[in-house]
Every structure is written in structure tokens, then in C-alpha cells.
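Just so it is clear, the values below take in all heavy atoms, side chains as well, and ignore hydrogens, waters and symmetry mates.
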Amino acid sequence: MTEVRRPAGRPGPGRGTRRAVDHGPWFLVLPALIPILVLSVGPLLHGVLLAFTDAQSGRTEPTRWIGTLNFRDLLHDTLFWESFRIGLVWAVGVTVPQFLLALGLALLLDQDLRLRWLARALAIVPWAMPEVVVGIMWRLVYNPDAGVLNETLRDLGLGGDRDWLSGLATALPAVIVVGVWAGMPQTTVALLAGLQNTPRELHEAAAVDGAGAWRRFRTVTWPAIRPVALAITALNLIWNFNSFALVYVLTSGGPGGRTRLPMLFAYEEAFRYGQFGYAAAMGCVMVAAISVLLAVFLVGRLKGGDRA
């Protein structure tokens with residue numbers, strides 16, 4: 001047979017078309033990718049670079065590159081590490097009860113109850129409210145003179161003269177309560193979605209085998225919602241550690257720094273004292289801490305997947 005040769009430089013059938021189609025997904029992703037690069041990745045890289053400079057507000061001299069000096073100063077800044085400790089206490093103190101209460105509420109809303117649709121709608125009301133509005137509302141609740149909480153305690157004969165947001169011993173617990181209330185709906189929705197995807201036949205089979213409610217939860221419900229629970233818990237830890245608006249409206253970091261979260265501390269350094277480079281170094285440390293948390297979560301998920 002005579003071999004048919006194509007002219008040099010001409011692509012074979014479909015080759016040029018396939019090459020053009022390969023670029024198609026990138027054009028579809030660009031509308032979502034460009035805002036991420038401009039509004040997230042760009043400022044993040046700029047903040048990392050700023051952390052290695054002596055950038056300050058109101059100075060007339062050019063900004064200088066000072067290397068790791070900001071990070072060395074940060075290592076000896078006891079106020080920052082105290083705020084870091086408070087941030088961890090806040091994040092764990094909000095996330096753990098938030099998850100437990102949301103799990104109980106999700107299990108309740110998964111039952112065949114009357115007006116279940118109304119209960120589900122009311123359960124997500126706090127999620128629909130802006131954090132600033134939530135903070136103002138709870139400031140009124142905690143008001144020492146005419147707040148609902150103190151008025152109720154007075155009616156019950158339990159005192160009711162405490163200033164919850166200004167007391168050194170009560171400020172952080174009071175703010176944690178607000179954080180749990182405000183963030184519980186999103187955890188409830190995520191867990192409820194996981195419960196809805198659990199096959200009913202498994203519960204029925206376990207009930208036929210004589211398994212009680214706790215055993216059914218341990219052997220059927222929890223394995224089904226475990227991936228969702230781990231994911232939403234990790235996200236809640238990150239969101240809560242990065243909290244700013246809610247605590248800022250409630251206490252502005254007071255009293256005496258007892259509720260000064262790392263984000264509040266960095267905000268004060270940057271916009272109250274004008275130390276932009278030092279505040280950027282704080283942000284880098286917080287990003288590194290969150291990255292470690294994410295890495296631990298992802299490694300745990302991968303190991304869990306391997307076992308499965």
C-alpha cells in the first residue's frame with residue numbers, strides 16, 4: 001500500500017480543534033478566578049511583603065525593607081501572644097458548644113414534627129442577621145441597667161446588677177455565648193443536610209435488630225455525618241479564630257484586653273497606632289497558624305479516607 005503523507009506544517013484531523021478545546025475550561029473559570037486573584041491573593045501577597053518593611057502611617061520617609069525584624073519583635077510581644085491565647089480560647093469555646101447544640105438541634109429538626117418547616121426557618125434566623133446587628137442586639141440584652149438578662153435575674157431574686165461585658169471575669173464568657181448563638185445555625189444546616197442524606201433503611205434495619213437510640217446514632221447516624229461534621233468543625237475553628245466584627249461591637253477588646261482577639265490586636269496596631277508593617281507580621285503569623293490547622297485537618301481526612 002502507498003503511504004499517504006500529510007504536507008509538512010499542517011495539523012492532522014482534529015488536532016487543532018482539540019488544542020483549541022483544551023483552553024475552553026480556562027475561559028469559563030476566568031470570571032471566578034480573576035476576582036479571587038485581585039481581591040484575595042493579591043492583598044495577601046502584598047500583606048506578606050509589607051510584613052518585612054517598616055511601613056507606618058504619616059511618615060514622610062520612604063518605606064524600608066527591614067527583613068525579619070517585625071517577626072523578631074513579635075516573638076517578644078507578650079500582649080500579642082496573650083491575644084493569641086485568648087483567640088484560641090474563644091475559638092474552641094465557641095466551636096465546641098456550637099457543634100454540640102447544633103447537632104442536637106439538627107437531630108430534632110430531622111424528626112417528623114408538626115410545623116417542622118417553621119422550626120427550620122426560625123433556626124436559621126441568627127445566620128441571616130449581620131454580625132454588627134447581632135452585637136448591638138446582645139449589648140442591649142447584657143445592658144446592666146435595663147437589659148433583659150439582668151431584669152430576668154431580678155425578677156427571679158438572683159441579683160441582676162452585674163455588668164456582663166465590663167466585668168473582667170464575665171466579659172469573655174458573655175461574648176462566647178453570643179458567638180455560639182450567632183454561629184450555630186450554619187452548623188445546624190450542614191449537619192441537617194448530612195442527616196437528610198442518611199438512608200432511612202439503615203435506621204429501620206438497626207431498629208429491627210433491637211438497637212436503641214444511642215446505638216443507632218453511634219453505628220448509623222454518626223458514621224454517615226462524620227465527614228460533614230469534621231469539615232464544618234474545621235471551618236468553624238477558622239472562622240471563629242478570625243472573628244472581628246462581633247467582638248469589636250460587643251467589647252472592642254475590653255475590659256483590660258480580656259476579649260482582645262488577634263484580629264482586634266492587629267487592627268489596633270494598624271489603624272490606631274499606624275504600625276502597618278508590624279500588623280502585617282501579625283497577620284502572617286495568624287495565616288501560618290490557620291494553615292497548620294488546615295494541614296492537620298486535611299491529613300486527618302486523607303488518613304480517614306485510606307482507612308475507609
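- Under a 4.0 Å N-O distance rule, the pair Glu82/Arg260 does not qualify as a salt bridge.
- Side-chain contact between Thr259 and Leu250 is absent, with no heavy-atom pair separated by less than 4.5 Å.
- Within the 4.5 Å cutoff, side-chain heavy atoms of Val287 are placed close to those of Ser291.
- Counting only heavy atoms from C-beta outward, the side chains of Leu50 and Thr63 never approach each other to under 4.5 Å.
- Using cut-offs of 30° and 60° for the angle between ring planes, the Phe271 and Tyr267 rings count as tilted.
- The same ILVMFWY cluster, assembled from side-chain heavy atoms under 4.5 Å apart, contains both Trp90 and Met286.
- Side-chain atoms of Val285 and Trp81, non-hydrogen and from C-beta on, do get closer than 4.5 Å to each other.
- Using a 4.5 Å heavy-atom cutoff, the side chains of Arg162 and Thr170 are in contact.
- In terms of hydrophobic clustering, with Ile, Leu, Val, Met, Phe, Trp and Tyr side chains grouped at heavy-atom distances under 4.5 Å, Val133 and Ile124 are assigned to different clusters.
- Note that CD1 of Ile232 and CD of Gln186 are 5.5 Å apart. Values are rounded to the nearest 0.5 Å.
- Under a cut-off of 6.0 angstrom, the local environment of CH2 in Trp117 is sparse, with at most 12 non-hydrogen atoms contributed by other residues, nucleotides or ligands.
- The CZ atom of Arg64 sits 9.0 Å away from atom CG of Leu69, with the distance rounded to the nearest 0.5 Å.
- By the 4.5 Å heavy-atom criterion applied to side chains, Phe241 and Phe84 are counted as neighbours.
- Of the options Asp54, Asn70, Asp77, Asp73, a side-chain hydrogen bond (donor to acceptor under 3.5 Å, both in side chains) to Tyr278 is made by Asp77 and by none of the others.
- Remark: the backbone N or O of Asp163 is not paired with any side-chain donor or acceptor of Tyr142 at under 3.5 angstrom.
- Contact annotation: the side chain of Ile136 approaches that of Val132 to within less than 4.5 Å [non-hydrogen atoms, C-beta and beyond].
- Aromatic ring pairs are classed by plane angle as parallel below 30°, tilted from 30° to 60° and perpendicular above 60°; the pair Trp222 and Phe217 is tilted.
- Looking at Trp127 and Val189, their side chains come closer than 4.5 Å, going by heavy atoms from C-beta outward.
- Using the six-membered ring where Trp is involved, Phe52 and Phe71 have ring planes that are tilted, between 30° and 60° apart.
- Side chains of Asn236 and Thr95: a donor-acceptor N/O pair is absent below 3.5 angstrom, by distance only.
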Practice prompt. With side-chain contact (heavy atoms from CB on, under 4.5 Å) as the test, would you mind laying out the steps for Asn143 and Trp164 before giving the verdict?
Written response: CA-CA 8 Å; Asn143 187 281; Trp164 298 93; over 6 Å; no
